[in-house]
Amino acid sequence: MTTLNSKVPKGPLKDKWTTYKDKIDLVNPANKRNIDIIVVGTGLAGGSAAATLAELGYNVKAYCYQDSPRRAHSIAAQGGINASKNYMGDGDSDYRLFYDTVKGGDYRSREANVYRLAEVSGNIIDQCVAQGVPFARDYGGLLDNRSFGGVLVSRTFYAKGQTGQQLLLGAYSAMNRQIARGKIDMYNRHEMLDVVIVEGKARGIIVRNLITGEIERHSAHAVVIATGGYGNVYFLSTNAMGSNATAAWKIHKKGAYFANPCFTQIHPTCIPRSGDYQSKLTLMSESLRNDGRIWVPKNKDDVMAIRERKIKPVDIAEENRDYFLERRYPAFGNLVPRDVASRAAKERCDAGYGVNKTGEAVYLDFAAAFQRYGKEQAKIHGISNATNEKVIELGVAIIKEKYGNLFQMYEKIIDENPYKTPMMIYPATHYTMGGVWVDYNLMTTVDGLYCLGEANFSDHGANRLGASALMQGLADGYFVLPYTIGDYLSDDIRTGKIPTDTPEFDEAEKEVKDRIDFFMNNKGTRSVDYFHKKLGKVMWDKVGMGRNEKGLKEAMAEIRAIREEFWKEVKVPGDKNEMNLELEKAGRVADFLELGELFAKDALDRNESCGGHFREESVELEGEQKGEAKRNDKDYAYVSAWEYKGEPSDAVLHKEQLEFKDIELKQRSYK
Ligand SMILES: Cc1cc2nc3c(=O)[nH]c(=O)nc-3n(C[C@H](O)[C@H](O)[C@H](O)COP(=O)(O)OP(=O)(O)OC[C@H]3O[C@@H](n4cnc5c(N)ncnc54)[C@H](O)[C@@H]3O)c2cc1C
């Protein structure tokens with residue numbers, strides 16, 4: 001059995017990464033030309049890795065299921081990317097970014113990895129600026145920063161509300177240079193359906209050409225998985241519709257442990273669900289909480305009048321509004337971390353104060369920001385005695401400049417003008433902190449099999465701070481993996497090409513083909529989405545924002561039953577030798593149906609509340625923190641790493657005990 005060794009280098013925290021880099025084995029340039037690396041996924045994590053590895057001289061084969069790397073889900077990232085540059089001079093440092101990230105993650109991440117992340121964060125900004133990423137700049141031309149939740153400094157670099165898109169264009173340009181040089185073979189519209197292990201090492205993958213349906217074998221000396229998160233296990237999420245867990249789940253079944261599957265982020269500021277026929281939720285970036293204030297009416301009469309459309313939110317007087325985040329968390333106010341903000345909104349809605357028809361919405365209001373910015377602008381432009389209309393006009397212009405595209409998106413979806421009436425928001429599934437377990441080298445429990453970006457269990461513990469996912473994905477791809485993989489590959493310089501006509505490839509290919517044939521031949525009556533929606537409902541109701549023992553046990557049984565029904569009743573139309581979106585979805589939902597059960601099992605094991613995982617049995621009963629989530633460091637300061645043993649309910653738990661030498665474990669208070 002594999003032993004769980006995090007391989008964190010010895011020595012003081014601040015020196016670990018530098019000393020590690022000084023001591024690792026290197027591969028000389030001539031030998032790199034003889035080594036092949038497969039990178040599955042070309043979002044920010046995979047794209048940055050593929051470009052850098054090719055630049056270093058390795059032969060890279062890269063895969064994505066979209067028609068271009070430019071369409072990876074990373075493109076959706078709106079708000080920004082963190083780095084401890086301290087351009088604002090507000091006291092930031094590598095240590096503070098490290099500290100905020102570990103604290104924000106509710107002390108469930110590995111110190112050494114998080115410190116390294118903070119350490120390389122500044123390099124990411126330099127790299128992206130060099131690529132031409134158009135980060136926002138201040139009046140003097142320097143890069144501008146804004147604040148995200150859970151921190152007391154401004155360290156978020158941004159490109160309006162399109163940061164992910166601009167960063168992805170940077171990584172894609174870097175990849176394209178290598179594609180043109182012949183150092184990256186790019187396989188668009190190819191889906192990895194299995195990994196091939198030869199003598200304990202990852203040596204290849206089986207992919208389906210999504211246009212022709214052809215099943216192909218590809219080999220390499222190492223395999224890198226950067227396939228994103230599994231938030232779509234909930235059916236409705238802010239993730240791209242295609243985001244899925246298949247690659248991560250397949251490698252789990254071949255020996256890679258899956259860590260902390262229950263750590264999911266429910267983001268507080270999403271456009272509320274409108275009905276049963278919706279297939280996607282939309283995020284309103286956290287950056288909006290810099291200027292927007294979150295509230296519900298204080299009086300239930302006002303709530304009812306609003307729901308019945310007898311009054312408008314702007315009719316409610318200031319003293320009759322409950323700015324519940326500012327009330328409960330005066331130190332951080334509207335900028336508390338996501339888990340805290342989401343639970344507070346749910347608490348108000350559960351208590352009957354939700355402001356839309358379903359009772360699941362709170363307001364995000366910019367009126368105060370229009371006034372604040374408007375008055376400032378009036379002064380700057382020397383307009384004395386500006387009327388209220390003029391002040392608002394000037395304030396709106398500033399907000400438009402900062403978040404215009406987000407406001408436009410809101411109006412298109414909801415058909416209300418958010419400059420005139422507050423936005424309505426509600427929490428939704430957004431990000432998964434859990435994922436494939438990796439050691440300090442980003443290697444999984446299978447030799448030569450690496451995992452990056454949102455697909456790994458990452459550096460975010462039980463809760464990710466805003467703007468830290470892009471930082472982690474790009475740190476992994478540009479600055480960490482290129483070192484660590486070299487150390488591993490230095491043993492492979494004499495191996496030669498990995499053949500694909502071997503029993504291991506035969507077997508993996510057969511498994512993939514058998515499963516496709518099953519789907520095509522099954523005489524079921526239900527669509528794939530029917531099962532996905534059913535799974536999503538169980539996940540949201542019983543493994544969502546609040547979890548308890550009874551609900552989790554029920555969820556495990558219900559997911560198992562949905563899975564059994566799926567294999568009997570699923571119907572996949574069309575042909576396997578053509579583009580067949582239903583066939584693609586069927587495979588992905590089959591994997592979600594297993595992952596969902598492990599997710600609930602993990603949540604059941606963790607009988608503490610931490611970060612995005614709120615166990616209703618584990619709540620502070622007294623003192624200033626009364627009603628808040630109660631963490632249990634004595635029994636649960638570990639990473640749960642699950643080993644596949646057949647049925648998800650049989651998975652075996654391995655614990656990576658977390659050690660905190662440079663940060664004192666404290667109760668997380670944002671009051
Ligand atoms: C709406 C939204 C806004 C966000 N805003 C921010 C933000 O402002 N700041 C921030 O830090 N984070 C943000 N995040 C989170 C962040 O965008 C993601 O965590 C991050 O982009 C994930 O990058 P990735 O490279 O790991 O995966 P992805 O970008 O999801 O890329 C996955 C890649 O894997 C490929 N792939 C998947 N499966 C297979 C397979 N089986 N075979 C072949 N290829 C496969 C895909 O084609 C794709 O290329 C946001 C998330 C959402 C949903």
Side-chain angles (χ1 to χ4, degrees), residues 38-50 62-83 124 146 148 156-168 171-172 175 186-195 205-208 210 224-232 237-240 242-251 265 267 269-271 280-287 338 406 409 428-433 435 451-456 458 460 464-474 476-477 584 587-588 591:
I38 281 175
V39 179
V40 187
T42 49
L44 282 176
S48 57
Y63 303 79
C64 73
Y65 61 76
Q66 290 94 347
D67 59 350
S68 158
R70 277 176 304 140
R71 296 198 203 287
H73 159 68
S74 289
I75 203 171
Q78 300 170 348
I81 175 167
N82 289 331
I124 299 171
R146 57 188 175 198
F148 265 50
T156 304
F157 294 77
Y158 63 100
K160 233 178 183 181
Q162 299 162 347
T163 316
Q165 180 184 25
Q166 298 305 326
L167 293 172
L168 191 60
Y172 177 61
M175 276 185 77
M186 183 64 225
Y187 295 89
N188 297 323
R189 288 260 188 241
H190 277 69
E191 181 168 25
M192 169 197 157
L193 294 177
D194 213 346
V195 64
I205 58 174
I206 306 293
V207 294
R208 177 166 179 266
L210 298 177
V224 179
I225 302 295
T227 47
Y230 53 88
N232 279 349
S237 89
T238 62
N239 285 10
S243 295
N244 68 86
T246 286
W249 194 250
K250 296 298 192 222
I251 67 168
Q265 181 155 87
H267 196 297
T269 57
C270 302
I271 296 183
K280 169 96 189 70
L281 292 171
T282 306
L283 175 79
M284 288 285 104
S285 167
E286 177 158 313
S287 57
R338 293 172 177 179
L406 301 172
M409 194 163 76
T429 305
H430 178 66
Y431 181 86
T432 44
M433 283 76 68
C451 192
L452 316 184
E454 192 174 340
N456 74 23
S458 79
H460 311 294
R464 173 173 72 77
L465 291 181
S468 286
L470 303 184
M471 171 174 69
Q472 180 229 328
L474 290 180
D476 288 358
E584 291 170 32
R588 295 170 191 167
D591 295 331

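Since we're looking at a predicted model, the values are computed, not measured. For ligands, and for the atoms within them, numbers begin at 1 and follow the listed sequence.
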Asks: Answer with yes or no whether Asn239 contacts ligand 1, where contact means a heavy atom under 4.0 Å from a ligand atom.
Replies: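 It does, in that a heavy atom of Asn239 comes within the 4.0 Å cut-off of ligand 1.
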Asks: Under 4.0 Å from a heavy atom of Gly43: which atoms of ligand 1 are those, numbered in the order shown and with their elements?
Replies: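 Once the distances to Gly43 are compared, the set is 25 (O), 29 (O), 31 (O), 33 (C), 49 (O).
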Asks: Would Val40 count as a polar contact of ligand 1, with the cut-off being nitrogen or oxygen pairs under 3.5 Å?
Replies: no
Asks: Using a plain distance cutoff, I'd like to know if Ala469 has any nitrogen or oxygen under 3.5 Å from a nitrogen or oxygen of ligand 1.
Replies: yes
Asks: Pick, from Thr227, Leu283, Asp476, the option with the minimum heavy-atom distance to atom 38 (N) of ligand 1.
Replies: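 Answer by nearest heavy atom: Thr227.
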Asks: Is Gly80 in polar range of ligand 1, meaning some N or O pair under 3.5 Å apart?
Replies: yes
Asks: If the contact criterion is a heavy-atom separation under 4.0 Å, does Gln472 count as touching ligand 1?
Replies: no
Asks: Please indicate whether any nitrogen or oxygen in Leu470 is less than 3.5 Å from any nitrogen or oxygen in ligand 1.
Replies: yes
Asks: Any N or O on Met471 sitting closer than 3.5 Å to an N or O of ligand 1?
Replies: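 Checking ligand 1 against Met471, no N or O pair falls under 3.5 Å apart.
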Asks: Taking distance alone, with N or O pairs closer than 3.5 Å, would you say Gly79 contacts ligand 1?
Replies: yes
Asks: I want to know if ligand 1 touches Thr42 in the polar sense, i.e. an N/O pair below 3.5 angstrom.
Replies: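 Yes: some nitrogen or oxygen of Thr42 is under 3.5 Å from one in ligand 1.
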Asks: Taking distance alone, with N or O pairs closer than 3.5 Å, would you say Thr238 contacts ligand 1?
Replies: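 No, Thr238 has no N/O under 3.5 Å of an N/O on ligand 1.
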Asks: Please say whether Gln66 places an N or O atom under 3.5 Å from an N or O atom belonging to ligand 1.
Replies: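 The answer is yes, given that Gln66 and ligand 1 share an N or O pair closer than 3.5 Å.
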Asks: For ligand 1, which atoms have a heavy atom of Glu191 less than 4.0 angstrom away?
Replies: 40 (C), 41 (N), 42 (N), 43 (C)
Asks: Check Ala226 against ligand 1 and report side chain, backbone, both or neither, counting heavy atoms closer than 4.0 Å.
Replies: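 Near ligand 1, Ala226 shows its backbone, while the atoms from C-beta on stay back.
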Asks: Examine Ser74 against ligand 1 and note whether any of their N/O atoms are separated by less than 3.5 Å.
Replies: yes
